Amino acid sequence: MKKKFLFLIIIALTGCYDEGEDAKVKVEVSEDEWYAGGELGTVFDATSFAYEQPTPAVEKAGMSRAFKMGEYFFENDYNENPDGAFCGLGPLMVRRGCIYCHPNYGHGKRQTRYRADENGNGYLLVITDETDTYLSSLTGMPQTLAVAPFKPPIDESKIQINWLTYIDEWGNRFPDGETYELIYPEVTIPEDAYYVPLEVTKNGVVSAVPYSNVRVKLESTIGVYGTGLLDAISDEDLKAEYARQEAAGVSLNPAIFANGEWVKTYGATTHPLRFTYALSRGPLQDGAGANAIWNITNVTRSNRRYHYMTATYARTASQDPDVQKDFYRYFPSQNKTGNVENDIYNYLMDTDLNVEMSDDNYETFLVWHRGLAVPAARDLDDPQVDLGKRLFNEIGCARCHRPTWTTGADNVSDPSGFFQDNDPRLPRYPNQKIWPYTDMVQHRLSMKNDIRTGWCRTTPLWGRGLSRLVTGASDRLHDCRARTVIEAILWHGSPESDARQSLEKFRELTRDERDAIARFIESI
């Protein structure tokens, strides 16, 4: 009897609550919107472990053990030992391991100094001449670490990062009087910090670059979760998005797409470019992660049996008396021809080095990389979030941050040839409705001290609202200059920005409306 009476009280109280103030606002949310990565790619985990979970597709395919092994290679440092799972570090490297750049699998954190071994330093140096052409004497991702007896191409202790205040045309003030602060980085590397000569290659011709013409910028890593789902968007649908925008009069990068056709595709393939800010990579299996596990640490594998190295560095090191003096002590098994300069150069430029990362280990790493889930959306039924969603669309944010895609058959492609089409060793995501909030296209924001070339692929927004919980920071944009969502939006406001009209509309909103948009972005 007492149990029955208690049950009736609970029913009565529940009925009273339903008639309260909170029940007056009903927000309708379609069920699939909660599944940011579709049913095969979403996990309902909003904890500090949200970015590192395997997708349901991984578990359904029986790949959980392979996923955990691949995660092991992401989370640990490589070393100089001649054997073992983490052998092969060097002779030069950008980092000793992956997780330095992707703290807890997320976006890099804003730094006030450049130290490769600083956890959370996702910065990669972007070093060019005055025409935005990479210095060919340095690798595309310049290295600041080396294994003895070698010396790093850049002495990172001399790199300076200064954060400067930017005042926009409105004096950093909204029409309603609220003020804000904007900052951006300037990076300085003195001439004596470079170990190699400063050179650029254009049309096959190598020429010296005056130090005064050298430009240095920063690009930070983005989160690695969900990349398998972006890879599953079909090539045809990507092309259709470009064609739709071109027909609508949107300015597109002419080096990528023009007149309804691709101007540039990935390497010798027909695959469109889809990964990195600069759209330098195609399919994920030969994309940023597959590339980074080799060139960040300089660990060889069966289809990359050579160092991430420039001939200019090899020549410089081979002629360095300090390197010559100790070379055979560190490399006693190296072929000794009697000419130490030639032996050093031949070692550094060798294209048939021993394999350091086994095929099995590389396979598990790609299972992990392709198998990272996206956290489910949160609080979409909150009235403030719903208001932010409606305003996000009304002021035009969704034109570039396209909310949703439906993946294709996801046949899996690997231009490097390691994996085959429809390879059963990898998780797949066919016909999934996903919500990444990106059009996968490059646009221009024309910011102060802008990204190289000015063109930047629209970064996915999914899951970013959990960044502070997961990584301890919520920095945004390509160099972490935006410390909040609002700051990130305000950096879209240059007169030449492709998002200028949306920013002007955003500025006219009330403070509550601006906060609602930020709250929505934090929820998706």
Side-chain angles (χ1 to χ4, degrees), residues 30-45 50-68 70-71 74 105 222-241 266 269 271-276 281-290 363-377 401-416 418-440 457-464 524:
S30 62
E31 185 177 353
D32 59 15
E33 285 188 69
W34 299 99
Y35 288 82
E39 292 187 2
L40 291 178
T42 304
V43 290
F44 286 81
D45 186 325
Y51 292 166
E52 57 189 87
Q53 301 302 315
T55 61
V58 166
E59 296 169 336
K60 288 181 180 180
M63 298 178 180
S64 296
R65 184 178 182 279
F67 178 91
K68 293 301 292 183
E71 179 181 66
F74 172 81
Y105 304 65
I222 66 171
V224 292
Y225 57 88
T227 44
L229 293 154
L230 297 177
D231 191 57
I233 297 170
S234 72
D235 292 355
E236 294 76 18
D237 284 349
L238 279 178
K239 184 176 183 179
E241 176 64 18
Y266 182 60
T269 76
H271 293 294
L273 298 160
R274 68 175 73 205
F275 291 112
T276 76
R281 291 281 159 179
L284 185 67
Q285 290 63 239
D286 196 34
E363 179 184 320
T364 62
F365 178 79
L366 260 292
V367 170
W368 165 83
H369 191 35
R370 204 171 209 274
L372 282 168
V374 176
H401 289 283
R402 170 178 166 172
T404 186
W405 293 78
T406 298
T407 62
D410 193 16
N411 294 323
V412 177
S413 181
D414 180 8
S416 78
F418 187 92
F419 293 99
Q420 307 304 312
D421 290 348
N422 301 310
D423 202 307
R425 294 174 291 173
L426 294 174
R428 295 166 61 188
Y429 307 97
N431 309 312
Q432 298 296 294
K433 189 172 185 179
I434 62 176
W435 299 77
Y437 285 85
T438 173
D439 59 4
M440 303 291 285
R457 190 201 70 167
T458 306
T459 300
L461 298 179
W462 56 4
R464 288 298 312 281
I524 55 182

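We use all heavy atoms of the structure for the numbers below, so side chains are in, but hydrogens, waters and symmetry mates are not. Computed from a predicted model, the values in this text were never measured in an experiment.
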Test item: [X] and [Y] side chains (from C-beta on) under 4.5 Å apart, heavy atoms:
{"X": "Trp435", "Y": "Tyr35", "result": "no"}
{"X": "Arg464", "Y": "Tyr437", "result": "no"}
{"X": "Leu366", "Y": "Leu426", "result": "yes"}
{"X": "His369", "Y": "Leu284", "result": "yes"}
{"X": "Arg457", "Y": "Pro460", "result": "yes"}
{"X": "Met440", "Y": "Leu230", "result": "yes"}
{"X": "Ile233", "Y": "Leu238", "result": "yes"}
{"X": "Trp405", "Y": "Asp237", "result": "yes"}

Please name the pair of heavy atoms, one in [X] and one in [Y], separated by the smallest distance, quoted to 0.1 Å.
{"X": "Gln285", "Y": "Ala290", "value": "O-CB, 3.4 Å"}
{"X": "Ala409", "Y": "Pro430", "value": "O-CB, 3.5 Å"}
{"X": "Thr42", "Y": "Gly37", "value": "OG1-N, 2.7 Å"}
{"X": "Ile434", "Y": "Leu229", "value": "CD1-O, 4.0 Å"}
{"X": "Ser64", "Y": "Glu59", "value": "OG-CG, 3.7 Å"}
{"X": "Leu40", "Y": "Tyr429", "value": "O-CE2, 3.5 Å"}

Any side-chain donor paired with an acceptor under 3.5 Å for [X] and [Y]?
{"X": "Thr438", "Y": "His401", "result": "no"}
{"X": "Tyr266", "Y": "Asp286", "result": "yes"}
{"X": "Asp410", "Y": "Gln432", "result": "no"}
{"X": "Tyr105", "Y": "Glu71", "result": "yes"}

Separation between [atom1] of [X] and [atom2] of [Y], rounded to the nearest 0.5 Å:
{"X": "Glu31", "Y": "Glu39", "atom1": "CD", "atom2": "CD", "answer": "7.5 Å"}
{"X": "Thr227", "Y": "Leu372", "atom1": "OG1", "atom2": "CG", "answer": "6.5 Å"}
{"X": "Glu52", "Y": "Tyr225", "atom1": "CD", "atom2": "OH", "answer": "13.0 Å"}

Original post:
Between the side chain of Asn411 and the main-chain N/O of Asn422, is any donor-acceptor distance below 3.5 Å?
Top reply: no
Original post:
For Gly228, does its backbone N or O pair with a side-chain atom of Asp231 as donor and acceptor, under 3.5 Å?
Top reply: no
**OP:** Decide, yes or no, whether a salt bridge links Asp235 with Arg274 under the criterion of side-chain N to carboxylate O below 4.0 Å.
**Re:** yes
Subject >> NZ or CZ of Arg370 within 45° of Trp368 ring axis and under 6.0 Å >> reply: no
Subject >> Aromatic ring proximity Phe365/Phe67, centre distance under 6.0 Å >> reply: no
**OP:** Check side-chain contact (heavy atoms from CB on, under 4.5 Å) between Thr406 and all other residues, then give those that pass, not counting sequence neighbours.
**Re:** Lys433
**OP:** Sequence neighbours left out, what passes side-chain contact (heavy atoms from CB on, under 4.5 Å) with Ala50? Give chain and number order.
**Re:** Asp45, Pro375, Leu466, Val470
**OP:** Assess whether side-chain contact (heavy atoms from CB on, under 4.5 Å) is satisfied between Asp421 and Ser413, documenting all intermediate values.
**Re:** CA-CA 5 Å; Asp421 290 348; Ser413 181; 4.2 Å; yes
